[in-house]
Protein chains: 2
Amino acid sequence: MDARQAVDTMVVYLGQNGLKMTAQRRTVTEVFYDPDLRGAHPTVEELYIKVREADSRIGYATVYRTLKLLTECGLASARRFGDNQTRYEPTSPDDHHDHLVCSKCGAILEFEDAEIEKLQDVIAARFGFSLTDHKMVLFGEPINGNCETTCNKSEH
Amino acid sequence: MDARQAVDTMVVYLGQNGLKMTAQRRTVTEVFYDPDLRGAHPTVEELYIKVREADSRIGYATVYRTLKLLTECGLASARRFGDNQTRYEPTSPDDHHDHLVCSKCGAILEFEDAEIEKLQDVIAARFGFSLTDHKMVLFGEPINGNCETTCNKSEH
DNA sequence: ATCCATGCAAAGGATTTGCAAAGAT
DNA sequence: ATCTTTGCAAATCCTTTGCATGGAT
C-alpha cells in the first residue's frame, strides 16, 4: 500500500467515526508511508523528526494521536523488540509477517512462514482456543559474524 | 526449582560478583518463588505487595533491584503481553516455554513446542543467523466461549 | 574501616491528557 | 454555530538513580 492509498483509507475510517482528515493527519500518514521508511520500523521520535521536516509546526502529541488512529484502522502496528522502544510499521490486513532481530547490530529483518502459523493454530486448538493474534520475534547472530552482508538482505 | 534452591543460586551469583545476600534479597527471592505465585506472571507491583506482606519495610526500589539481579543470574525473566505491563516469571536454564494469552479474560497459559522451536532455528538459518533467543506470544479466545473451564487448564 | 545495600524522594523517559485557541464544515 | 483538532505544558505511569543512613565483615 502506498501513501495515497493509506490516506484514502484514513479518510474513510475518519468519516465513519465522525472525525476529520486534516493537514496534520495527512502529513503524518504520508511520512509514515513514505518509501524512505520502508522496513525502517521507526520509533515515535524518529517519525516525529521526519514529520517535522515536512511540517515543522506539528506537535509530538499529534504524532502520537495520529499513530493511534492509524493503528485503529489497521494501517499501523506497534511492535516492541526488547529495547524498550515502541516501533511502528505500516501494515495491511493480509500481512502476517514476523521479525528476526540481529542481536549484534539491531537490524530488523522480516519473514513470513506459513508452517509456523499453522503450528500456532494447532497449539491454540490444543488448549481449546481459536487464535486471534500472535507476536513472534526471533533474536540471533550472523553465523559468519558479518552484519554488513548478513543483516542487509531483503526478502526470504 | 523451589525457593530454597533459588536462594542458593542467588548466594552463589552474588558471591561471584562481590555482592552480598541480605534479608531483603532473600525475602524477594522467596516470595518470587513461592508456590502461591506458580504461573502467576506477577507484575512488579503485585510482587511488591506480596513482599510487603512478608516484610513491610522493604522498598519498591529494592524489589526492582532484586528483580534485576534475579534476571541477571537467570532465575527470572521479564515478559510483556501486550498490556503495557512488565511481568516476571521464575525460569530455569532449560526452560523454553512460550505463552498463550486469553484475549477475553487475560489468563496466561504456558506451553512448549519442540516443533516450533525447530522451525524457528530453520528460519534463522535461512537468513544466515544462529538463534540466540525468541519471544512468542499467542492470543486467542476460548472456542466454547467459556473462560471458566478453558482458561484454567494447566499442562499441555 | 571499608564496602555494599537500603529506603526515600527525586529524576527520567515514554506516553497521555486538559485546555484554550484554531480549524473545518 | 458547532464540533473536532491542535499545540503546548502539565500530568501519568513505570522504572532508575542519587544520596545519606544503616548493615555486614
Between the protein and nucleotides 11-17 of chain D, list the N/O to N/O atom pairs that are separated by less than 3.5 angstrom.
{"from": "dT15(D)", "atom 1": "OP1", "to": "T86(B)", "atom 2": "OG1", "distance (Å)": "2.8"}
{"from": "dT15(D)", "atom 1": "OP2", "to": "Y64(B)", "atom 2": "OH", "distance (Å)": "2.5"}
{"from": "dT15(D)", "atom 1": "O5'", "to": "Y64(B)", "atom 2": "OH", "distance (Å)": "3.2"}

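- Remark: R57(A) engages D55(A) in a salt bridge (Lys or Arg N to Asp or Glu O under 4.0 Å) (not counting sequence neighbours).
- Aromatic ring orientation, Y60(B) versus Y48(B): parallel (interplanar angle below 30°, classes split at 30° and 60°).
- Two end axes, each from the C1' atoms of five base pairs, can be drawn for the helix from dA1(C)-dT25(D) to dT25(C)-dA1(D); they diverge by 10°, to 10 degrees.
- Counting side-chain heavy-atom gaps under 4.5 Å among Ile, Leu, Val, Met, Phe, Trp and Tyr, I143(B) is found in no cluster with other residues.
- When hydrophobic residues (I, L, V, M, F, W, Y) are linked wherever their side-chain heavy atoms come within less than 4.5 Å, I49(B) remains an isolated member.
- Q24(B) places its CD atom 14 Å from the P atom of dG22(D), with the value rounded to the nearest Å.
- Looking at residues two or more places apart in sequence or on another chain, you find no salt bridge (Lys or Arg N to Asp or Glu O under 4.0 Å) involving D94(A).
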Distance-only check: which donor-acceptor pairs under 3.5 Å involve side-chain atoms of residues 22-32 of chain B, not counting sequence neighbours?
{"from": "T22(B)", "atom 1": "OG1", "to": "R25(B)", "atom 2": "N", "distance (Å)": "3.2"}
{"from": "R25(B)", "atom 1": "NH1", "to": "K20(B)", "atom 2": "O", "distance (Å)": "2.7"}
{"from": "T27(B)", "atom 1": "OG1", "to": "A23(B)", "atom 2": "O", "distance (Å)": "2.9"}
{"from": "T29(B)", "atom 1": "OG1", "to": "R25(B)", "atom 2": "O", "distance (Å)": "2.7"}

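- Residues forming a salt bridge (Lys or Arg N to Asp or Glu O under 4.0 Å) with R79(B) (at least two apart in sequence, or on another chain): E89(B).
- Within residues 15-22 of chain A, the residues that place at least one heavy atom under 4.0 Å from DNA chain D are, in residue-number order, G18(A), L19(A), K20(A), T22(A).
- In the hydrophobic clustering, V122(B) connects to no other residue, as no ILVMFWY side-chain heavy atoms lie under 4.5 Å from its own.
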F129(A) and C102(B): CA distance, side-chain angles, deciding distance, side chain to side chain contact (heavy atoms under 4.5 Å, CB included) verdict: CA-CA 8 Å; F129(A) 280 78; C102(B) 175; 3.6 Å; yes
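- Residues L75(B) and V12(B) fall into different hydrophobic clusters, defined by Ile, Leu, Val, Met, Phe, Trp and Tyr side chains chained together at heavy-atom separations under 4.5 Å.
- Alongside I108(A), the hydrophobic cluster contains F81(A), V101(A), V137(A), F139(A) (criterion: ILVMFWY side chains under 4.5 Å).
- Not less than 6.0 angstrom separates the ring centroid of H134(A) from the ring centroid of H96(A).
- Taking the 5' to 3' direction, DNA chain C first and last meets chain B under 4.0 angstrom from a heavy atom at dC3(C) to dC8(C).
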